[in-house]
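What follows is a set of notes on a single structure, which appears directly below.
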Amino acid sequence: MTDHTTEEKTDRAVLVGLNAGCLSREENATESSMEELSALLETAGGICVGTVLQNKDTPDPRTFIGEGKVAEVKELVQAAGATMVIFDNALSPSQQRVLSDELGVAVLDRSALILDIFAQRARTKEGRLQVELAQYKYLLPRLTGMWGHLVRQTASGGKSPIGTRGPGETQLETDRRHIHRKIAKLEEDLKEVRRVRGVQRERRIKNEMPVVAIVGYTNAGKSTLLNALTGSDIPANNRLFDTLDTTTRTLEISDTCTVLISDTVGFISKLPHHLVEAFKATLEELSFADLLLHVIDSSNPEWRDQAAVVESLIYELGASETPRIDVFNKCDRYSGDILPHGEDIVTVSAKTGEGLDRLRDMIGDRLDAGAHRVTLSLPYDRGGLLDTLYKEAKVESVEYGETILVTAVCTPKLMGQMDEFLLKR
């Protein structure tokens, strides 16, 4: 006899998508977007037990896919023992409620699934704040008729189902007024996060430390690239949204050029607007970066579409004018005839190390201002020049003897101004 008491319940989901002529390319479901939805479901801890892709001229205002297709999905749900249905398209709150009643199981859309994954992945206080804010804003218009169904599911035993983790699990009884207060408090907390980031940014500018931000579609290999460049050991797994909290490391390009390089959360098509808004506290770093590394998975046949998604989000975040290098990663698995090439393009394999030296050189070409490490001998009556050096150079050491010996990394322009005090070597 098998003991089922210790078995963990796994969410079984039927995936549904609609391709309609009146919807934009971004809003439509396709075979590739459905495959991506299945990968998202796996990342969230569920399994796909069936897929339905519907072609229809226009969405049905009540059920989105039409009564006949709803009946077909219901049969599939019952036959496969599914516990939920997940739509690749965005659903209105009323459509979500109607479909849940008609199908007899929880109904989520792509946004809810992505939010659930983010709720699982958030580790830092900042990350949890951002995810919680996005979830509350998503859930607010869906309160009516939703909580009872979720309570029944959780009460039936086992772990909470996909889509109910985070605030959905702990605030099922909360009314709108309380949620509005919670949203206001989270927004205040994130303002403080932005303030602290602003102070840190000013300090970096003062220290003349250039900042490189790694951006790209989820699972393009951003964390693996950061590890390969800096010798770090950040977890880098082959799954969507493995990195959620921003990680920053130093990268020494040359003796006189050291940069800060940051990994950021991956982008994805149909990324929930609430999530983009909430993560602006983190993603605004892109607009202040000195250089962007746009990592593209060259082994993915859909890389052009994925790159376009990243491009649009970079524009939305106000970083379109920031200098950029397109890094075509996974070149060891590239199946095309000619690798992408160009002035601001480099092909690499973060896994094997191929092309990384070329990438470092390109970063140095764009960020190394030609500075040199020099030693200056300042007479005491010119000690006021120390203030200038602290403001405009990277001072490494100061020794007081017959004169003031200062070792600093200076730009050519500053060296020209200090030429009479340079110790020639």
Side-chain angles (χ1 to χ4, degrees), residues 196-214 225-234 246-263 285-293 319 321-325 327 343-344 346 348 350 353 355-425:
V196 172
R197 281 187 177 275
V199 171
Q200 293 171 340
R201 193 179 302 118
E202 288 175 7
R203 192 175 300 131
R204 288 202 302 265
I205 292 171
K206 183 179 178 181
N207 293 336
E208 295 190 342
M209 184 80 80
V211 177
V212 178
I214 302 177
L225 180 64
L226 181 63
N227 286 340
L229 286 172
T230 65
S232 303
D233 56 355
I234 301 162
T246 300
T247 305
T248 302
R249 296 289 185 269
T250 56
L251 171 62
E252 190 170 311
I253 301 296
S254 66
D255 288 345
T256 57
C257 181
T258 301
V259 304
L260 290 174
I261 185 165
S262 296
D263 187 13
E285 288 291 294
L286 300 187
S287 59
F288 291 98
D290 298 284
L291 179 68
L292 299 182
L293 300 184
E321 299 300 317
T322 305
R324 186 167 79 242
I325 297 173
V327 182
E343 183 181 353
D344 295 316
V346 60
V348 306
L356 293 184
D357 288 341
R358 168 69 179 145
L359 176 57
R360 288 190 189 92
D361 290 342
M362 291 177 73
I363 295 172
D365 289 343
R366 285 154 181 76
L367 298 180
D368 193 338
H372 293 277
R373 182 178 286 105
V374 297
T375 302
L376 302 161
S377 177
L378 301 179
Y380 279 89
D381 62 352
R382 303 299 301 276
L385 291 173
L386 260 178
D387 289 338
T388 302
L389 288 168
Y390 275 115
K391 289 177 183 176
E392 300 183 27
K394 183 180 178 184
V395 176
E396 295 183 342
S397 67
V398 178
E399 296 179 21
Y400 294 90
E402 293 184 8
T403 61
I404 306 172
L405 288 179
V406 184
T407 301
V409 177
C410 299
T411 62
K413 181 180 177 181
L414 188 59
M415 286 168 59
Q417 296 172 2
M418 301 281 180
D419 187 59
E420 62 180 299
F421 307 112
L422 284 174
L423 287 181
K424 311 297 182 185
R425 292 186 177 178

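FYI, the numbering just counts along the sequence from 1.
With rounding to the nearest 0.5 Å, the separation of CG in L292 from CG in D344 is 11.5 Å. Expressed to the nearest 0.5 Å, how far CD1 of I404 lies from CG of L385 amounts to 9.0 Å. Atoms CZ and CG, from R360 and D365 in turn, are 14.0 Å apart once rounded to the nearest 0.5 Å. A distance of 6.5 Å separates CG of L225 from CG of L356, quoted to the nearest 0.5 Å. Note: L376 CG to M418 CE = 6.5 Å, rounded to the nearest 0.5 Å. With rounding to the nearest 0.5 angstrom, the CZ atom of F421 is 15.0 Å from the OG1 atom of T375.
Among all heavy-atom pairs drawn from A289 and A213, the shortest one is CB-CB, 4.0 Å. Taking all atoms of both residues into account, the shortest heavy-atom contact from S262 to T248 is OG-OG1, 2.7 Å. T403 and S377 make their closest contact through OG1-OG, 2.8 Å (heavy atoms, listed as atom of the first residue, atom of the second, distance). Nearest heavy-atom pair across E343 and M362 is O-CE, 3.5 Å.
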- Query: Do L226 and L251 pass the side-chain contact (heavy atoms from CB on, under 4.5 Å) test, and can you show the C-alpha distance, the side-chain angles, and the key distance before you say yes or no?
  - Reply: CA-CA 9 Å; L226 181 63; L251 171 62; over 6 Å; no

- Message: I'd like to know whether L291 forms a side-chain contact (heavy atoms from CB on, under 4.5 Å) with R324, so could you lay out the CA-CA distance, the side-chain angles of the two residues, the decisive distance to 0.1 Å, and finally the verdict.
- Response: CA-CA 6 Å; L291 179 68; R324 186 167 79 242; 5.6 Å; no

- Item | L293 vs I261, side-chain contact (heavy atoms from CB on, under 4.5 Å): CA-CA, chis, key distance, verdict | CA-CA 10 Å; L293 300 184; I261 185 165; 4.1 Å; yes

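Counting only heavy atoms from C-beta outward, the side chains of L423 and V374 never approach each other to under 4.5 Å.
In this structure, a donor-acceptor pair under 3.5 Å is absent between the side chains of T258 and T250.
For the side-chain hydrogen bond (donor to acceptor under 3.5 Å, both in side chains) test, no residue two or more places apart in sequence or in another chain qualifies with R358.
Of the candidates L229, I363, V212, I253 forms a side chain to side chain contact (heavy atoms under 4.5 Å, CB included) with just one, namely I363.
Judged by distance alone, with hydrogens and angles left aside, the side-chain atoms of D290 form a donor-acceptor pair with the main-chain N or O of V211 at under 3.5 Å.
Salt bridge status for D361 with R366: absent, with no side-chain N to carboxylate O gap under 4.0 Å.
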